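Values in this document were obtained by computation on a predicted structure and should not be read as measured data. What you see below is based on every heavy atom in this structure, not just the backbone, and it leaves out hydrogens, waters and symmetry mates. Residue numbers start from 1 in every chain, and the chains themselves are labelled A, B, ... in the order their sequence lines are given, proteins ahead of strands.
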Protein chains: 2
Amino acid sequence: MQATGAVEDYLKIIYHLVTKGEPATTSTIARRLGVSSPSVSAMVKRLEAGALVERSGEGGLALTSGGKAEALRVVRRHRLLETFLAEVVGVPWDEVHEEAEVLEHALSDRLEQRIDALLGHPVRDPHGDPIPPRTGPHDERWADPLTAAPTGSRFRIERVSDRDPDALRYLAGIGLRPGVHVDVGARTPFGGPLWVTVDGTEHALGLPLTDLLHGAVVGTRP
Amino acid sequence: MQATGAVEDYLKIIYHLVTKGEPATTSTIARRLGVSSPSVSAMVKRLEAGALVERSGEGGLALTSGGKAEALRVVRRHRLLETFLAEVVGVPWDEVHEEAEVLEHALSDRLEQRIDALLGHPVRDPHGDPIPPRTGPHDERWADPLTAAPTGSRFRIERVSDRDPDALRYLAGIGLRPGVHVDVGARTPFGGPLWVTVDGTEHALGLPLTDLLHGAVVGTRP
DNA sequence: CGGTGTTGTTAGTCGAGGCTAATATTCGCA
DNA sequence: TGCGAATATTAGCCTCGACTAACAACACCG
C-alpha cells in the first residue's frame, strides 16, 4: 500500500499509543488526529487491507511488522528533523515539533541520511526522545513519570513530551529540559501541584505539566 | 482558494512558462507536469474559479495578480531551499532541485523566514536563479542564452537551468557554474556542438547543454 | 480537397480522505 | 432493570486530482 502523508500520520499515532500502553481504538485515534470516528474506521479498513495494522486481542489495534517498520521510519524522520531544526537551523525548542510534523512527510531517504550524517548520527532528539535507527532494533521505552517520584528524591529529566508549545516554553523558561536534575518536594493532595526545585528555585507544577515529564529517580535530595 | 501542493505546482510552471515567453497552454503544462490534458483542463477551471489564472489574449493562460503572488511565494521557497540545502546541508548541486521540489510544499512561513535569515537573505540560488523577495517587486528576467554569444566573445555564465541532474553533474565537472567566464569558440553548423573554453580546457557542448546556459557577453577573448 | 496530427474540452470513472446522520453494542449507573 | 453515554460501524455524500474515451476544431501537407 502507498504510504501517503495521511497513512503515515495514522501509523505514527497508533505507534505512539501502543508504545505508551494506551489502547489504540477508533475514538482515541480520532481524538488525537482531530478527525471523525467514521474517517478513522474507513482508514483502518484500508490499513488492514494493506497489512499495516491488525485487530489485537483486547479492544484495540496493533501494528503488523510492516506497519511498525513504516511507523518507525516516520518517527525517525520526525525526530531527526527536530534535532536538525534545533541544532542547525536554530529553531526554538517549542517550535520544532510543529515544523517536523509537516516536513516529515516530505523528507527523502537521501536527504534523511545526509542530515543524519551531518548531525553525527544522534540518538536523542531535543525533547529526549530516542531516534529509531534506520535499521535494527529500537527501544521506545518511556522512563518513569515524574509523578511517580517520591517526595525528597532527586530526579533526572530524560524526556519531555513535545506536543504543547506553550508548556514547552514555560518548562524551558524554568530550566526544565532533558538532562537536568530536580529535587522533588511536597505533593499537594487532591490533584494539587507538585513542588519541585530546579536550579535552586522552587516551582509548583500542575498535573498537566508533570504529566509531560519522564525520567528516573537518581537518589535523594542532598 | 486553497493552495494545495498540486495548485502550487500548476502556478509555478505557468509562472515559469510565461516568464520565459513560452505560451502557457493546456498541452505544454500537461507535458511539463507529466499529466494528461484533461487533468490540466480541469485544474485550470479550478484555478480560474479561484481567480488565480485567466485566459490571456493569445493562445495561453496568464496569472492574475493573486496567482502571481502565490507562484512567487512557491518559487521563493523553492530557491531558498535549494540555497539552504547546498550551503548548509551540503547537498550536491545536482540534487538540490529534486529535494526542494518536494519540500517547497511543506515549508512554513515561519521556517522560511528563519532559513532566509540564517543564509543572510540571499538573492540568488545555487543555479544563479534570482530569489523573489518576500514582498516587493521581483525581476525574473533571463539573461541571454549562450547560443546567442558570437564566436570569439567572452561570456559570463549567470544562470544554469536546474532541471536535469545529469547535465548539471557534467557541467559542474567541467567547471561550468554561475559566475565563471567562458570563451566562445567555433560553432559547428547544422546543430553541431559549440566549442567553449573553460578554465583553459576546450569542450564541445551539444545543443541540449548550451540551452541550459544563460548569461552575458562581457568582451572578447583576450 | 481530403487525410492526418495536434490541441482542447466534455463525459464518465476512480481512489484517497474527509464529512454527517443513523444504527447497533456495550457499559455504567440510578 | 432500564436509561443514557460512549464506541464502532454503515450508508451516503463531498472534494480533490488524477485517468480514459470520445469528440470538435484547426492546421498542415500531399
Side-chain angles (χ1 to χ4, degrees), chain A residues 1-15 17-18 21-63 66-67 70-71 74 101-102 104-106, chain B residues 1-15 17-18 21-63 66-67 70-71 74 101-102 104-106:
Chain A
M1 123 173 269
Q2 186 58 17
T4 63
V7 166
E8 290 178 347
D9 281 337
Y10 277 86
L11 293 177
K12 200 178 52 165
I13 90 118
I14 295 172
Y15 175 79
L17 288 170
V18 304
E22 298 172 29
T25 64
T26 304
S27 45
T28 56
I29 296 171
R31 266 191 295 273
R32 289 279 286 264
L33 229 46
V35 134
S36 74
S37 300
S39 299
V40 177
S41 275
M43 176 59 94
V44 166
K45 203 175 293 178
R46 285 195 288 272
L47 296 177
E48 281 185 286
L52 293 172
V53 310
E54 57 197 4
R55 312 274 162 179
S56 92
E58 205 35 60
L61 297 164
L63 294 170
E70 190 59 42
V74 183
E101 201 67 16
V102 184
E104 66 189 8
H105 305 300
Chain B
M1 120 173 270
Q2 184 59 18
T4 64
V7 166
E8 291 178 347
D9 280 337
Y10 277 87
L11 292 176
K12 200 177 52 164
I13 90 118
I14 295 171
Y15 175 78
L17 288 170
V18 305
E22 299 172 28
T25 64
T26 304
S27 45
T28 56
I29 296 171
R31 266 191 297 272
R32 287 279 287 262
L33 229 47
V35 134
S36 73
S37 300
S39 299
V40 177
S41 273
M43 176 59 94
V44 165
K45 205 175 290 178
R46 286 195 289 271
L47 295 177
E48 280 185 286
L52 294 172
V53 309
E54 58 197 4
R55 312 271 164 179
S56 91
E58 204 37 58
L61 298 163
L63 294 170
E70 189 60 39
V74 184
E101 200 69 16
V102 182
E104 66 189 8
H105 305 299

Exercise. With sequence neighbours left out, what residues match A:Arg31 under side chain to side chain donor-acceptor pair (under 3.5 Å)?
Worked result: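 By the side chain to side chain donor-acceptor pair (under 3.5 Å) rule, A:Arg31 matches no residue at all.
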Residues at least two apart in sequence or cross-chain that pass side-chain contact (heavy atoms from CB on, under 4.5 Å) with B:Ala51, listed by chain then number, are none
| message | So, using side-chain contact (heavy atoms from CB on, under 4.5 Å) as the criterion, who are the partners of B:Arg32 when residues are at least two apart? | response |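 B:Ile13, B:His16, B:Leu17, B:Glu22, B:Arg163.
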Sorted by chain and residue number, the salt bridge (charged side-chain N to carboxylate O under 4.0 Å, His left out) partners of A:Glu48 (sequence neighbours excluded) come out as A:Arg55
Give every donor-acceptor pair under 3.5 Å between a side-chain atom in residues 40-47 of chain A and any protein atom, sequence neighbours left out.
none

How many Å lie between CG on B:Leu47 and C1' on C:dG8, as a whole number?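 After rounding, the reported distance stands at 16 Å.
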Rounded to whole Å, NE2 of A:His105 lies from P of C:dG17 at a distance of 11 Å
- Message: Using a heavy-atom cut-off of 4.0 Å across all strands, would you classify B:Ser41 as base, sugar-phosphate, or nothing?
- Response: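 Base contact - B:Ser41 has a heavy atom under 4.0 Å of at least one base atom.
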Quick tally for nucleotides 16-22 of chain D: nucleotides whose base has a protein heavy atom under 4.0 Å get B, sugar-phosphate-only ones S, the rest -, giving -BSBBB-
Discussion item. Using OP1 and OP2 only, check whether a side-chain N or O of A:Lys45 sits under 4.0 Å from D:dT9.
Written reply: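 No, A:Lys45 has no side-chain N/O under 4.0 Å of OP1/OP2 on D:dT9.
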ask   = Counting just side-chain N and O atoms, does A:Arg31 come under 4.0 Å of either OP1 or OP2 of D:dT7?
value = yes
Worksheet entry | Any A:Val53 side-chain heavy atom under 4.5 Å of A:Leu11 side chain |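 A side-chain contact exists here, since the closest heavy-atom pair is under 4.5 Å.
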